[in-house]
Structures are given as structure tokens and as C-alpha cells.
Amino acid sequence: MAPHFVFPQNLRALEEENEDETADYNNRLYAKNPVDITLMRPVQLEEFVKGVAFDLSDKELFCIEEQAVFDQVYSLIRGFSNLAPSCKLNLVESLRSNLSVLLPNVDSLSRVSQGQDDDAPVLDRLTSYRNAFKIYTFFLMHIILAEESNTSSNNNQKVTATTRKKQPMNSWNWESQRTRILNLIANSLEINLSLLFGSSDPDENYLSFVVKNAFSMFENATILKDADAKESMCRIIGTCATKYHYTAQSSASILHLIHRYDFVVIHMADSVSWAEKKYADGTLASSLIREIGRTNPKTYVKDTVGAENIGRFLVELADRLPKLISTNIGLLVSQFGGESYKIRNALVGVLGKLVAKAFNDIEGEVSSKSVRLRTKQAMLEILLERCRDVSAYTRSRVLQVWAELCEQHSVSIGLWNEVAEVAAGRLEDKSAIVRKSALNLLIMMLQHNPFGPQLRIDSFQATLEQYKKKLNDLEPEIPSESVTTDNDACHGDGEVDNVNTEAVGKEQQESLTDSCLPHIVEGIADQDSSVPDVGNLEQTRALVASLEAGLRFSKCVSVTMPTLVQLMASSSASDVENTILLLMRCKQFQIDGAEACLHKMLPLVFSPDKSIYEAVENAFITIYVRKNPVETAKNLLNLATYSNIGDQAALEFIVDVLVSKGDISTSTISALWDLFCFNVTGTTAEKSRVALSVLCMAAKSSAAILSSHLQDIIDIGFGRWAKVEPLLARMACIAIQRLSEEDKKKLLLSNGNRVFGILESLITGFWLPDNIWYAAADKAISAIYTIHPTPETLAAELVKKSLSSVFDCTGGDELQNDTNSASILTTVQVSKLGRYLFVSSHVAMNQLVYIESCVRKIQKQKIKRDKMAADTDTNLPKENGINAELGLAASEDAILDTLSERAEKEIVSGGSCENNLIGQSALFLSKLCRNFSLMHKYTELQASAMLALCRFMIIDATYCDANLQLLFTVVESAPSEIVRSNCTIALGDLAVRFPNLLEPWTENMYARLRDPSGSVRKNAVLVLSHLILNDMMKVKGYINEMAIRVEDDDERISNLAKLFFHELSKKGSNPIYNLLPDILGKLSNQNLKRESFCNIMQLLIGSIKKDKQMESLVEKLCNRFSGVTDVRQSEYISYCLSQLSFTEKGMRKLMESFKTYEHALAEDSVMDHFRNIINKAKKFAKPEVKVCIEEFEEKLNKFHLEKKEQEVTTKNAQIHQQKVGTMESFAVDKNAGEGNSESDISEESDGEVVDPSMEGMPQSENNVSKSQFDDSEEYSGVSSEVTGMEAGVVEVQSARTVMRGASKSRAKKSNMKDVKGNITASNRRNVKSKQR
């Protein structure tokens, strides 16, 4: 009989002789005479391989155990990498075919052994088969290891090589050979190996070898890419671990691999699930779960990669084996208490998979179903609880799991609203990823809601009321309490306590959710009086419960609309994009308030973030642009009708873009023209006006849109419909301004006189109401300056006519002479005067714009002329060069500038008084605005007058300088907030045009931030933000006023202030860093609430991101402690320090600056802030730095206690000294009044110490002097206060003493002793006085 084959530690160990005398090694097979094939020539080697292959195929299967054959095969395996491909193929095929033939022979051998009486030959044959089986397996496995090692080394060489060599033509396909070998080994494990090994399990040596090498191959990602090879490896692992009970070792290896390599997670899960399904045995999976559950949670905190891989493995396992994992989930629940959020994320994912898949079947007994339902309910409760996890990643993951469950219809109606309320609450989470997940969850819940396609609250309420009446009719004798109980049962998930309730609830949910409820809601939505019959009493109850749940869900989503509006203003792009998607879904399901929220989406088209703009554009196209052009036109009409000024600007922008892209078609434009021209029945004048406004928006990108209907614009815009809808005339003026240059020329030729006559009558006439006239006259004057060839002539006539309508005169002389007379204002109408002031000032403003446009045209013509001349004449450049040297070219520009300045100056203050009507109006206006009593009487006139005054000031610098004092007086004292708001806005324009004139008035401009009116403060914030952010105003020392607005009562003002500081922090090197100490100092001295101060400083400090700036701020803030004696200021400075992000360098600076703030450490509030700093620094500090921080903490605590003791001792000493001085004077007075009196020590206290001898004294002795009594009461009160401040120490107060015949020196000596004495001495004296 041949020696036994024992698996060695490695291949080379087969050459070692039997040195160990144990049973396994006493008679083992090893390589006695190996051949070194590296010394053979290729031809000899090929012949050698052929000979070995012939022996293996010609002899019996177990010839491999013969020493000669064994030595030859071993020699080839040892040098396998040196073999030619054909030799490799020959050897591998021989070994593989022999093993594949050997496997079925094992079964036939067992049948032969059963028919023979003599067992000896059969046992010998079994031993030979066993040896051969082990040898073939050993050699084939080593071939795989050798070839994979060779392949990986070749791949590394290919990466570094500059050229890639072609593979030889006779190269063998190793991938297919590897797959066949692995498949063969896997098949060999699945046969009845107990016949070979004589026991139920193969020997440990064999299993250890196979499993070890299989796991080593899992470390090679290249092998795992081969699906067939991977499947064979999974079979090997699963069979050994399950069939042959090699579970413990396999579990350890699997966990080791999972911790190290992330790419093996899915394949390990495949192995485990294959083993469970193949052998119906979940031992391996249970073992793995048990080991994971036993692991200390702190291990996963350190090994983050391993925690993530383990988590993924658990989720994959739960997806493949949900029922098995559900029975072992209790082993994992304890990991929820760990600090690793990755493990908690994974467990949440596991619970989601189990809820969706582990409880689907309805087979089993009632008791087992009850247990399973309880388990499911417990899982759902954990998922709801984890929505409040401390980690944002876990909260986000939970919401994602709920979204997956909703998509898979795994959430019951009873639990639906609880999940919706949790999602709605998470919309206000501080983490952006949680908010994103909450938004996606609500989107998914709307998409898969079980209540129907329309979720209007009114529809649900109407339907619910009708079915409640029907339910009452069906159960007239049943008390209302029972109905409530049934409804509650349907509401809850609580099918856990009663299995029958669960079955009924589930049946009702399936039947009503999928079929009946949506149709019923749709039917009632049409306000049909008849109620569909849904069946018996139980079904009606279920329907009522479902309708109540649907109504609750609709209200829950509707309540989130204000939060969604806030999220659209979020700095996170994901918030905005997902909010828009949710609002689109809400509009699809007709949620109340969704339409109004979508209107507030429009201003986001101006967002610099491209993703946000694209989200708005896509949403706009999806919601409002339809295939039917008429519907698109009506949608745009409705949108423009209910839009404010900001929304209209955004709508104009997006309509312009969509028209240029072609998304708004010409058919839609035609439909809008039909609405404007009243070609559609039911069109009102308002709709016509809005249609024209949308057409004007579209004309911004294509002016040709308006050219085809010029006559309609004039006839309808200024015709009889303008009297029905006054704003129609204003819109017609805007349309005229949007005309192209060619259309303007056509209009002048065809209808010029008519148009100007209409515009003139609109401006000077009185057929429009006042509230409409100002807006219409504004656009009419602008239209005149846009299309008239010489607009100044027509404008002059307009001013004269407007003046004549007010004063009934033709010139300005009478006005000039009578400006001081009060009789004029008493004989004119205030409204007419206001209109005149508006016309004159607006004409002046348009004249300024017209002059600037003319200058630009001249400059463009000059540039064009010079360019054409340069192209045609080559000598011109020399001429231009000479002109440039002589300064002639520059003089042309200077002349042009001089002329433009002169023309601008002549508008208000230039020229003669006789010819300059606007100039005379300006003088009159200045005097009119100074008549404060008259202005306060007519607030509307003051609004018009101040608006005109501001326009004149913007035009002329001299006039501006002369009236600045007046303007600031009005902006501070005007009773009308409209006037103050207008003046505040005008100050911004003045600061842009004349910055040097406004610079001395900077403080007054900042003062508008303290205005009692919210409108004025809002405009002041906007104006100052615009000036500062555009570098038109320097950030002066009054920026603290803007910081206070962060805590304004008006939320809009507060948000604008926050936005200002957010944008300011982006400029340069963050100006807030330099402004922060100054802001801190000024806010500390103002009467601000502590909470407001903290919120402001938190915002400002949070905008500083650079570590260097943070470190520098530490030093600056510490230095501010010096000289600060106010406790409140010290507390504020320490709070600001606690808000900084401390680096290692920052902590060192804090420690080095200890001397600057040591005096403030006595205060508990200051000390609390320093403790916060230390706690934050400890979390991220290195070990060596952490030691320094702990030492610093001890130093702070020690100093704090010492300071507290010193303060208490000092105060007690001072109080006691004052008492002793009072007693001394009391004793002197008493000696002087009574002589030698028999009086002992008299004590009087606040209640801490009472002298019993005082109780029986006469009244005359007790109340000696009222003034002295009052003084002592005051001191005793202070003593009581100090005593109360010292925690944990019983302070015994020194009694008030009256000494008989005590000398002054003795009193002083006693006083000094009391100051130096401690509490024990004080106690002793008081006890003695009582004994006395």
C-alpha cells in the first residue's frame, strides 16, 4: 500500500523527508527524486511532459500515488511557470480529466464494496482513491495559484512597458481552464466524500487547504470578474462551511476578507445565500450575524472602512435571505447604541429590506403570524425612532429607506401619516442631506399615495362628510364610542395585538386603496349629490377611516408649503432643486397652496447656480408649456395676472429665453394676439392687457413679434378699452418702446401725429384716475423720448400744458414772483400740482438719459468713422499718430464731454430764467418742500414733491448740494413712511451719482436702519447692501447698525441683512474679519438682548473660514479682555471666542494669552464658554496636543475656584470692616450719652445669628438711634447677599457689637483681626458671645 498523502504547508514542503514521528507524518508521501526542469532544453521538456501525460492517461486513476509518477508531476508543478503553453495545457488536461473520472468512480466503488464479503481489497482501493483525490486536488489548486501569480506579475510588467507584445498563436486560454478547474473542485466537494474519508466530514487537513486557497483567490479582484469562476468559488466556500460543518473557520475568514476588501462584499453575500438555498441550512449566515453582533461597537469607530463593508454585507444578506435575517435581527439591534453611524446606516437598510421582503407570505399558524407581525411592528418603530438619530447620515438613510418602502407599497395606510409627518418635520433639519432625503420621501409618498390622483382638502372633506352620514345611517343604534374605536383601529398600525384586526385591516387596505377609494374621491370631486355604495357596514367604516387618513395626509403636505418657500431660498442647490420637484408633484396632485409656491419659484431664474436655473426652466416648461398653444397662452396669462413686480421680471426673463429657444412657439404667440385683440370669446379688458404684457416680454428677444400688430396696439391700447382698463394704456406705451428701429420709423410715417397726440392727451389729460395716471404718464414720457425725433420740443410743450392746467397761466414769471405767496396754493388743486411736479421732474430725468444716449451715439459714430477711414486710407494712422501727439484726438473727446456736461447742467440750473421752465420749477420745488407745515398737511403732495426734488438733485450737482440738508431733514422727520422710503431709495441713487457729496452724510444714511417703519428699514438695508457690495460706499464704522438688523422683528429685513453679510464675506479676503472686533465692541455697549447678540455674532463668525484669520481673531479677542471691567462685556467676548474653530495654533495662542483674561475667569458664564472651547478642541486634537489642553483645563478650573474664593473673602472682609466701623461709632455715641453702662455684647443680624440676650432687652436700649439702625440694616443686607453667593460654604456673619469703654486703638486692632481671620474664627467669636 502506498504512503498516505498529507497536505503540506506549501509546495516546497513536499521535498522534505519524514522528520516528525507523529501518525500523520510517519508514512507520508513526499517527493524523493524531483527533477529540475529548468535544466532541460525545450524539446526535452516537451517530451518529458508528454511522457507524464501518457502515464496519467494510460495507467489507473490512482497511479499518481506511485513515487515515480508523483515525483515527475511534482517537478512539473514546481516549475509550472517555465512550461510552454502547450505543455501547460497538456499537463492540466491530464490532471483535470483524471480527477473528473475519479469522482463518479467513488460512487461505483461504494456499490462494489456492498456486494463483496472481503473488505480488505475494497479498503485498499478506497485508500488509493482517497490519496489520488487529495493529490489531484492539491496539484490543480497549486496550478491556479502559480498561474495567477505569474499573470499578475506579467500585468505589472505590461503597465510599465512602452510597447505591448502580441500573444503567441499557440497560447492557451487560462481563464477558461481556471474556470473548469474550479468548477471541478466544487463538484468534487458535492459528491459523497464520506465514502473516501470514512466519516461524515473530510479530514481537517483537506478542508483547511481547500478553503484557505479559495479565500486567497477571493482577494484577487480579477478572478471575481469571471462570473463562472466566482460562482465555483462561492460553491466551494458554501459547501465546506455548510455541508462539512467548517463554519467557524469560514465565518472568521469571511469577516476578515470583508474588513479588508470592499469588492468582496457582494460575492461573500452570494456565497452565504447560495449555501442556505442549496442545503436549506442557515448556519453560516447565523454564525456571521452572531459574530457581527458580538463585536464591540467601539471597534467600528476606529475601523471605518471595515464598518462600511460590514454594513454593506448585512444589507446584501438581508436582501437575499430576509426571513433568515429577520429571525436573527435581535443579535444586531444592540449595535444601534454604537457610535459608528455607518453601522447604524446599515442596520436601518437591513430593517428596510426585512420589512419589504420578510413578511410577505401569509402561510403559517395564527400564533406564528402574531409573532411575526409583532416583529415587523417593532422594526417599523425602530425606523421611526431612528429619524431622530444624532447623525445626519443616519437620519438621511432612514428617510431613504422609508422612500424605498413607499415605492414598494410596504407602508400601510395606518402608518402613512406618521411617516409623512416625520418627513415634513425633517424638512427643517440643519443638515442638507437630511432635507434632501425628506424632500425625496415626500415626492415618493405623493407619487405612490393610496388615496387617489387628487388630494384637494375640500374634496376629501366633502366626501368624508357624506360617507360619515351614510355610516351613521347604517349603524343608528351603535354608540359613537364604538365607531371611534373602530376608526382608531383602522388608523393605527396596531395589528400587532389582535391578529384578526390585522387581517381585516390589511384586507380593507388592499381592496380600498387599490380600487375603491380613488374612484370615490374622483366622483365626489365633481360635486355629485349621489354617494356610491361601497358595500356593508365594515367596508363603509374602512372607507371612512381611509378618507380620514387621506385628508390628514393632504393637510400634512399642505402645511409644509411655508417651509418649502424657505427652502427655495436655501444656499444649498440640492434643497432648491428637490423643493422644485416636490412642488411640481404637489401641483400634479392639486395640493392646496402649491400653485402659489410655484409662483415664488420664478425669481430663481436669476440664480448664478446653473443647476438651479435649469431646474426652474425645466419646471416652467413642464408645468406651463403645453402641446396645445392655446393652453400654453392661457397658462402664461394666468401666471402674469397674479405675479408681483419681482415675479414679472423673472417671468420676462424666462419667456425671453424660451422664445429664443423655440419652446414657446409662434402658435402660442398667435394665441396671445387673439386674446389681446378680443378674438376669443369671454376675453376681458384685463386679460387683453395681460396678453399684451406677455407679448412685450416675448418681444424682448424678437422685436418682430410686435410689428405685425402695430395698428391693433394703437387702436386697442389707446382706444375705448383703455378707459375700461386704465393700465392698458401704460402697457401700450411699453409696447411702443419695445419696437425695433424699423417699426418705429414705420409708426412715425403712418401714425406719428396720432400717437403723439394720444400720448400728450394721456399725460396732460385727466381721464385716468390718479393711482393709474402716474404709472401711465411715466411710460408715456419714456415712449416719447424713445420714438420722437426731437423729443425735447414735445416735452417742453407737455410741461407748459401741465403748468397751465395747474396755475391757469402761460409763463413762468407769475410763478416766480408768487412763490412766497400762500394764496397760490390755496387756489390750486393739490392733485394737479402733484401731476405737474411729476411731469416736469420726469421730463428732466428723461432729458438727462436722452443726452447721455446722444453722446454714446456720437462716440459710436466716431469710432466707426475712424475704423472705416483706417481701413481705406493707409496714411491715416500716421496722421492719427501726429494728432495724438499734439493732443488733437483727445481734444475732440474733451469737447464732447464739455458739451454733454453743459447740456446736463442746463436742464435744471443753466440758461436764463426766462427760457428755463424746469429750472424755475426746481427753485419753486425747493421752497415748497421747505414749507413743512403745508407738506405735513398734504402728505400726497409731499410724496410727489420730494420725489421730484430727488430727481432734480440726481440731475444737477449744485442743486443736490444745496438741498441735501433738506433731504435728510425730511427723511428723518417726515410723518409719512412712503416719503421716508422714497427718500431713502433716492439717497442710494445720489450716492452713486455724487459720491463725494454724500460721503459726509454716511452716518445719516446708516441711521435709516433704525427707522420705526419696517418699509423704510427694508429699503435702507437694500440700498446700503447695493452700495457696499458694489464698492460704491466704503464700509465705515457704522456697520454695526446693519448687524443689528440681523435680529430685526421683520423676518424679511432679517433675511436681507443675513444675505448682505453672506455676500460681503465672499469679497476679497473677507472684510468681516477686519470689522468683527469693532462690531463686537459697539454691540457690547448697546442695549441688546443676550440672545440677539449671540445670534448676530454667531452669523458673523460663521462666515470666517480661513484658519489664519481664526487664529488671528483669537489673539485680538483675548486682547480685548484687557481693561474690561464690565461682566457683560467679558461674557460677550468669551462667547465670541467659543464660536471660533480652534486649530492647534489657535489653542496655543489662547494658552499664551492667559494673562489677558485671567481676571474674568471668576465669572461662571465666562468659565462656561472656556469649557466649551476646551471640549470642542479635545474632539479633534492630536494625543500630544490633547495632553496640553487637559493641563490648560486644570489650570483654568483651579484659577476659577481661587478667584471665586478671593472675591467672596474680599467682599466679606469689606462688609465686616464697614460693620465694625459702624459699631465703633455706635459705641462712642453710647458712651457719650450714658456714661459707664452695664451692657454686654449686643448682636443683631439678618437671621443668620441671633443673640438670645437681645430678646429680653428694653425697647429703649434696643432702638438707640434710628439712623444707626438704618445703616446697620443696609450692611447686614449686603452681608446676606454675599453669603448667598458662596456655594457649599456656611458663612456665619459677624454680629454687630457694642463695646463698653473700648478704645479706638483696640477697635482698630479688632477690625484688622476680623479682616485677616477665617470663617472658623468668626464662628468661635459668635459662640463665645452667645455663652456670654
Side-chain angles (χ1 to χ4, degrees), residues 141 144-156 159 174-175 178-179 182 185-186 207-242 246-276 284-285 287-321 325 332 335 338 340-347 349-350:
M141 191 68 80
I144 295 175
L145 297 176
E147 190 64 18
E148 288 299 327
S149 176
N150 186 40
T151 303
S152 62
S153 61
N154 289 340
N155 288 339
N156 292 336
V159 171
W174 164 240
E175 285 77 11
R178 179 184 61 202
T179 302
L182 288 172
I185 294 174
L207 289 177
S208 175
F209 171 77
V210 174
V211 172
K212 175 184 174 183
N213 289 289
F215 276 119
S216 68
M217 282 185 277
F218 268 105
E219 297 178 9
N220 190 339
T222 306
I223 301 179
L224 296 176
K225 293 178 182 178
D226 185 349
D228 295 332
K230 186 210 75 171
E231 182 183 356
S232 299
M233 290 158 57
C234 291
R235 287 167 56 200
I236 292 171
I237 299 297
T239 304
C240 291
T242 305
Y246 202 71
T247 307
Q249 299 87 334
S250 300
S251 298
S253 300
I254 289 173
L255 291 176
H256 174 72
L257 280 178
I258 290 173
H259 273 278
R260 288 190 60 189
Y261 306 104
D262 57 348
F263 57 83
V264 304
V265 171
I266 296 176
H267 310 302
M268 289 293 106
D270 289 337
S271 299
V272 177
S273 64
W274 180 89
E276 196 274 340
L284 179 59
S287 175
L288 288 167
I289 294 172
R290 194 179 304 110
E291 289 299 322
I292 294 171
R294 286 177 185 169
T295 307
N296 190 342
K298 293 182 179 179
T299 306
Y300 295 123
V301 178
K302 299 175 183 177
D303 183 14
T304 55
V305 177
E308 185 173 359
N309 292 345
I310 288 291
R312 286 176 50 214
F313 174 73
L314 288 173
V315 175
E316 294 291 338
L317 211 55
D319 189 35
R320 290 163 172 76
L321 304 172
I325 303 299
L332 299 173
Q335 294 291 338
S340 174
Y341 72 86
K342 292 184 176 180
I343 290 294
R344 296 202 301 274
N345 286 6
L347 293 179
V350 168

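A distance of 4.5 Å separates CG of Leu224 from NE2 of His267, quoted to the nearest 0.5 Å. Going from atom CD1 of Ile289 over to atom CZ of Phe313 covers 8.0 Å, rounded to the nearest 0.5 Å. Note: Leu317 CG to Ile292 CD1 = 8.0 Å, rounded to the nearest 0.5 Å. Of the inter-residue distances, the one linking Gln335 atom CD with Asn296 atom CG reads 8.0 Å to the nearest 0.5 angstrom. Residue Met217 holds its CE atom at 5.0 Å from CG of Leu182, rounded to the nearest 0.5 Å. Asp262 CG to Glu308 CD: the interatomic distance, rounded to the nearest 0.5 Å, is 8.0 Å.
Side-chain contact between Pro297 and Ile343: absent, with no pair of heavy atoms (C-beta onward) separated by less than 4.5 Å. The shortest side-chain heavy-atom distance between Phe218 and Met233 falls under the 4.5 Å cut-off. In this structure the side chain of Lys298 never reaches within 4.5 angstrom of the side chain of Lys302, judged on heavy atoms. By the 4.5 Å heavy-atom criterion applied to side chains, Lys230 and Asp270 are counted as neighbours. Between His259 and Ile310, the closest side-chain pair of non-hydrogen atoms falls below 4.5 Å. Within the 4.5 Å cutoff, no side-chain heavy atoms of Tyr261 are placed close to those of Asn220. When side chains are defined from C-beta on, Thr304 does not count as touching Ser340, because their heavy atoms never get closer than 4.5 Å. Contact annotation: the side chain of Phe215 never approaches that of Val264 to less than 4.5 Å [non-hydrogen atoms, C-beta and beyond].
A salt bridge between Arg178 and Glu175 is absent, with no side-chain N of the basic residue lying under 4.0 Å from a carboxylate O of the acidic one. Classification of Arg312 and Glu316 as a salt-bridged pair fails, no side-chain N sitting under 4.0 Å from a carboxylate O.
Smallest separation of non-hydrogen atoms from Arg320 and Ala269: CD-O, 3.8 Å. Taking all atoms of both residues into account, the shortest heavy-atom contact from Val272 to Leu284 is CG2-CD2, 3.9 Å. Residue Ala241 comes nearest to Thr247 through the heavy atom pair O-OG1, 2.8 Å, listed as atom of the first residue, atom of the second, then distance. Residue Ser232 comes nearest to Ala186 through the heavy atom pair O-CB, 3.8 Å, listed as atom of the first residue, atom of the second, then distance. Of all heavy-atom pairs between Val210 and Cys240, the closest is CG1-SG, 4.5 Å. Here the closest heavy-atom approach between residue Leu145 and residue Ser216 is recorded as CD2-OG, 4.0 Å.
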Full working for side-chain contact (heavy atoms from CB on, under 4.5 Å) between Met141 and Ile185: CA-CA 9 Å; Met141 191 68 80; Ile185 294 174; 3.7 Å; yes

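Asn213 places a side-chain N or O within 3.5 Å of a backbone atom of Phe209 that can act as its donor or acceptor partner.
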